[in-house]
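Encoded as structure tokens, the structure appears first; notes follow it.
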Protein chains: 2
Amino acid sequence: MTTIREIAQLCGVSVATVSRVFNQPLTVSKEKREVVERVARELDYRPNESARALATKRSGLIGLVWDTDHRRPGWRHPYLQELLIGLKSALSAHGYHLLMLATSGSAALRAVGASLADPVAYVNMTRRHHLGGLVLIDSGSDAPAFAAFAQSGLPCVAVDVDVDGPQATYVTSDNVGGAALAVRHLVAAGHRRIATITGPRANRPAVDRLEGFRTAMAEAGLGVPPEYVVEGDFYRPSGQAAMRALIALPEPPTAVFCASDEMAVGALLAARHAGLRVPDELAVVGFDDIELAALVDPPLTTLAQDKAGIGVAAARAVLTMVHGGEKPEPAFLPTKLVVRASSR
Amino acid sequence: MTTIREIAQLCGVSVATVSRVFNQPLTVSKEKREVVERVARELDYRPNESARALATKRSGLIGLVWDTDHRRPGWRHPYLQELLIGLKSALSAHGYHLLMLATSGSAALRAVGASLADPVAYVNMTRRHHLGGLVLIDSGSDAPAFAAFAQSGLPCVAVDVDVDGPQATYVTSDNVGGAALAVRHLVAAGHRRIATITGPRANRPAVDRLEGFRTAMAEAGLGVPPEYVVEGDFYRPSGQAAMRALIALPEPPTAVFCASDEMAVGALLAARHAGLRVPDELAVVGFDDIELAALVDPPLTTLAQDKAGIGVAAARAVLTMVHGGEKPEPAFLPTKLVVRASSR
DNA sequence: CCTTTCTTTGTAACCGCTTACAGGCTCCCA
DNA sequence: TGGGAGCCTGTAAGCGGTTACAAAGAAAGG
């Protein structure tokens, strides 16, 4: 690897000048600048990022926290791949890279049944590696850990989790609006007895989807009997169980809005087992637009999240803070109703 | 952040001693070592990784190359999430972290229709950041770029791509063996007219699966007429088209082995459209065991890859090379036949 | 008791880059 | 023509570690 010193020598200038050429080009006379640039190119000079980070205390890296909760081995993020694509592209546009933080998983935390995202470990990593900030991706039970990160004062942005802190914000879909879209769609199709299968009460998107559901139902002048709101956990089995319960009601709903596609698929299964025809006897709407949604039978009507867009928004938010900008407000990205055969 | 120097002062020793306590503890007397360790703990000392990397030329980071090919916007890795889990856990066990390399995507490369994985850019990144090595994850068309990496002499291990180089190896499933399992399963079920829908000819796993298919068919004493081998591209539509063609044959097969679950799902669709009952009139076996496999109707018999295991193997391989070990032989992880209702 | 060897420690150079500070020039204006 | 302002440039001091080398003391061998 060629260094700044070699270039300086070859060009007959000081190392300071060479460094300036790359960092504050305007402070260097045109002639010297061009010579340095040419020589650097010829020697295929690449700045040593470690040295740079050491001198500037900035590494050009953003940390990614995404731990898998060992208590839920089957858990999968519904759109990790698209999220990463969005993150990566927005970061690379600004010359940043993503460092996937890996800790062996604190045994202590696991013992008390806590999430695997260990705030202390990750905050340490951030300082050790001069990370600009963190992107926090939830594994289903990381909200408490993320709250701790948020307090640390490091720039961080959480995805689909509600955090607050001096330099902490979050990005998620417009869950309220999305749920309302779902309800309006069902109402327009003539449904009046509409139930919902929610996500966990502790989960911000779940709460928002429920809120959107209630608001839109009220707007439509429809009542929501308590038994029409069943709590699930976003996973398929819970959706199936919840749907079974709804079907067993004396006055079962004719339509159900599920807070996740996974649960909606569960609902479809329950309907099939009960011999209900979808969408004729039961309309089902999900949320997420996972790949599976288009493939189940019947294909699922759902609210498509802007998956890559969320990644991009998260990246932008963290970069704004890294660059000293104001802490961005939480972002709520619009969702899109995708009508398929499970409703009409 | 407390530094080595502060600790040295507080302990009344030199910085060299402090540094040794952390790097070569045995060369320091027990007393001093304990004092230093205690003080370090009290001050919550964290070594500065940039300084360390600068001095040692090692950063404790492994690069992850995973570029999305903009020409195939819909492309998704069949098991990225599990792969990352495996990679991460194996790396963190050795104190390494994963750096997701992001380049803005060289316009030049895109112009010539090449893959987005730009070997030059990534090799630069490796040097700039003192990365120990690279893990290469294919986006469907990165094989040529990966071959270039492999030549660079940097430690690197590719997943599901056949590379060779001074410090390059790869890990993939035992595709030959898996395909053979599929065939034997079908033969045992009484099938004799067995066709296959392959992946792209240029793809190593695809080629291996075809080879396994042929070998096992020969072993079973069954012939494979040329029209029973149809090339697909791993995606669903190609599987559907291929299956349509097979069904249209004067003597259509009674069973088909597809080189990917996605194509197998396509095959199921084609069968359904043709009014063929699965598995009675047509047995279908896939490869991968993606989530979808268990959910289609009928659920798909398939070969489960050890997805996280592949990540672990890749991590181990790259670490071996980083630590100066012999270049590991390519690894072929066993697959498992998962029998579901699409075959019997 | 003296020499050799081993263990432990400190000194200081170095990794490659950034940047505060100061000095030398040129330019402009009184 | 003297002096202040501005522009370029170089010197050198970090950033926070690692490690070669030397030295001092302790242990071992003859």
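Nothing here was measured: the structure is a model prediction, and the numbers come from that model. Below, chains carry the letters A, B, ... as their sequence lines are ordered, and counting in each starts from 1.
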Base, sugar-phosphate alone, or nothing: which one does A/Y45 contact when heavy atoms must sit under 4.0 Å apart? sugar-phosphate

Between B/D138 and B/R204, is the closest basic N to carboxylate O distance under 4.0 Å? no

Between A/E42 and A/R38, is there a side-chain N and carboxylate O pair less than 4.0 Å apart? yes

Name the residue closer to the 5' end of DNA chain C, choosing between B/K32 and B/K57 according to the nucleotide with the nearest heavy atom. B/K32

Taking only the side-chain nitrogens and oxygens of [X], find out if one of them lies under 4.0 Å from OP1 or OP2 of [N].
| X | N | result |
| --- | --- | --- |
| B/T17 | C/dG10 | yes |
| B/R52 | D/dT18 | yes |
| A/S14 | D/dT9 | no |
| B/N48 | D/dG17 | no |
| A/S19 | C/dC17 | no |
| B/S29 | C/dT9 | yes |

I'd like to check B/W66 versus A/Q81 (side-chain heavy atoms, cut-off strictly below 4.5 Å). Are they in contact? yes

How long is the span from the CG atom in B/D160 to the NE2 atom in B/H77, to the nearest 0.5 Å? 6.0 Å

